[in-house]
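Everything below concerns the one structure shown next.
Computed from heavy atoms alone, side chains included, the values below leave out hydrogens, waters and symmetry copies.
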Amino acid sequence: MREQRAQFQQNRRAVGPSGFTIARRRFSMLGTPATFVIVAITVLVWFAQLATGGVNGPVTAALLFNPSLVAAEPWRLVTTMLVHGGILHIGFNMWAVWIFGQILERMLGSWRFVALYVISGIVGSMAVTLIAPQTSVIGASGAIFGLFACFFVLQHSLGGNAVQILVVIALNLVIGFIVPGIAWQAHVGGIVGGFLTGFIFARTRALRRRNLQIALLIAEAIAAVVVSYVGYSLYY
């Protein structure tokens, strides 16, 4: 058996790494694979939207979020982040994810960044349920505002200059209030989710507090879903 393994390893060295191995190495060299995957999946879903009728098509209808569907289809709290209304909508959102996602993923690591993105999006959907229960929403804006808010918290906790990102948050929040058709409720919810998640990261940085960090993130996500159900029960 050992001779067979040695021969196998020798043969592998002789022919070089497989195509899968090369692809995996190149992918890992990106440094921010989660950011890349989020952008790639969202763009693919957008193309699927275009191919099936755009905003009024079945792909959008299957993934958008409406508070009336919380009980029957709770996954929409998350899937709404994958669908967008047009080229400017997805273009700005994915540009923001690409820029801030790379920064935050390098700061936090891939799984923490994904947790931040998803939790912020869920809290954004939760805010829509509580504030605008008759509104259907699409887009990743809630999650993106969560990235902004978390970056502010982390910068502040590390002693960095956080004024610029605070200005970015304020300007984009004002635009959401002024421009019609924008779900500012999701923006506000995303900010709350990002602040809370960033606070958890900042207070549980030590390796010995990793289990506490994971528990708090899970609790935050569950709380957002539960509050969404409570909001649903109040209005429906």
Side-chain angles (χ1 to χ4, degrees), residues 27-50 55 59-60 63-65 75-128 137-155 162 164-173 175-176 179 182-198 200-201 217 220-221 224:
F27 183 71
S28 64
M29 287 172 65
L30 289 172
T32 54
T35 300
F36 177 82
V37 169
I38 288 172
V39 172
I41 291 175
T42 306
V43 170
L44 287 174
V45 170
W46 185 66
F47 279 122
Q49 287 180 262
L50 292 180
V55 177
V59 172
T60 305
L63 300 178
L64 63 76
F65 176 72
W75 56 83
R76 290 176 181 266
L77 290 161
V78 176
T79 59
T80 185
M81 295 185 284
L82 298 175
V83 286
H84 289 80
I87 184 66
L88 293 178
H89 191 196
I90 188 173
F92 174 79
N93 279 359
M94 291 304 100
W95 174 82
V97 171
W98 185 252
I99 299 300
F100 283 92
Q102 291 185 85
I103 296 172
L104 284 165
E105 189 173 354
R106 289 190 176 100
M107 293 176 69
L108 299 169
S110 295
W111 77 263
R112 290 182 182 86
F113 169 69
V114 172
L116 165 65
Y117 191 80
V118 173
I119 290 173
S120 297
I122 293 174
V123 178
S125 297
M126 178 200 78
V128 172
V137 294
I138 57 175
S141 298
I144 292 166
F145 271 86
L147 301 187
F148 294 162
C150 182
F151 183 71
F152 169 80
V153 173
L154 295 178
Q155 280 286 91
Q164 291 181 340
I165 187 62
L166 196 60
V167 172
V168 171
I169 294 173
L171 288 176
N172 283 278
L173 197 59
I175 291 173
V179 179
I182 295 180
W184 59 265
Q185 301 88 350
H187 297 177
V188 173
I191 290 173
V192 172
F195 267 112
L196 289 175
T197 307
I200 291 172
F201 289 147
L217 293 174
E220 183 184 4

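Summarising the geometry, atom SG belonging to Cys150 is positioned 7.5 Å from atom CE belonging to Met107; distances are rounded to the nearest 0.5 Å. To the nearest 0.5 Å, atom CG of residue Leu154 and atom CG of residue Leu104 are 6.5 Å apart. Atom-to-atom distance recorded for Ile191:CD1 and Phe145:CZ is 5.5 Å, nearest 0.5 angstrom. Distance check, rounded to the nearest 0.5 Å: CE of Met81 to OG of Ser125 gives 7.0 Å. Rounding to the nearest 0.5 angstrom, the gap separating the CE atom in Met94 from the CD1 atom in Ile38 is 8.0 Å. With values rounded to the nearest 0.5 angstrom, Thr60 atom OG1 is found 11.5 Å from Trp46 atom CH2.
Remark: the backbone N or O of Val137 is paired with a side-chain donor or acceptor of Thr80 at under 3.5 angstrom.
Nearest heavy-atom pair across Ala34 and Phe113 is CB-CD2, 4.0 Å. Here the shortest heavy-atom pairing between His187 and Asn172 reads ND1-O, 4.4 Å. Pairing each heavy atom of Gly189 with each of Ala127, the nearest pair is CA-CB, 3.7 Å. The two residues Thr42 and His84 make their nearest non-hydrogen contact at CG2-CE1, 3.4 Å. In terms of heavy-atom proximity, Arg76 sits nearest to Leu64 at NH1-O, 2.7 Å. Closest of all the heavy-atom pairs between Leu82 and Gln49 is O-OE1, 4.2 Å.
The distance between the ring centers of Phe148 and Phe151 does not fall below 6.0 angstrom.
The ring pair (Phe, Tyr, Trp, His ring centres under 6.0 Å) test applied to Phe201 returns no partner, not counting sequence neighbours. Every residue two or more places apart in sequence or in another chain that forms a side chain to side chain contact (heavy atoms under 4.5 Å, CB included) with Ile200 is listed here: Thr204, Gln213, Leu216, Leu217, Glu220.
Inter-residue side-chain proximity for Leu173 and Val188 is flagged as met; some heavy-atom pair is nearer than 4.5 Å. Taking the side chain as every heavy atom from C-beta outward, Phe100 and Ile144 never approach each other to under 4.5 Å.
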CA sep, side-chain torsions, deciding dist, call: Met126, Leu77, side-chain contact (heavy atoms from CB on, under 4.5 Å): CA-CA 8 Å; Met126 178 200 78; Leu77 290 161; 5.5 Å; no
Got a list of side-chain donor-acceptor pairs under 3.5 Å for residues 115-123, not counting sequence neighbours?
{"residue": "Ser120", "atom": "OG", "partner": "Leu116", "partner atom": "O", "Å": "2.8"}

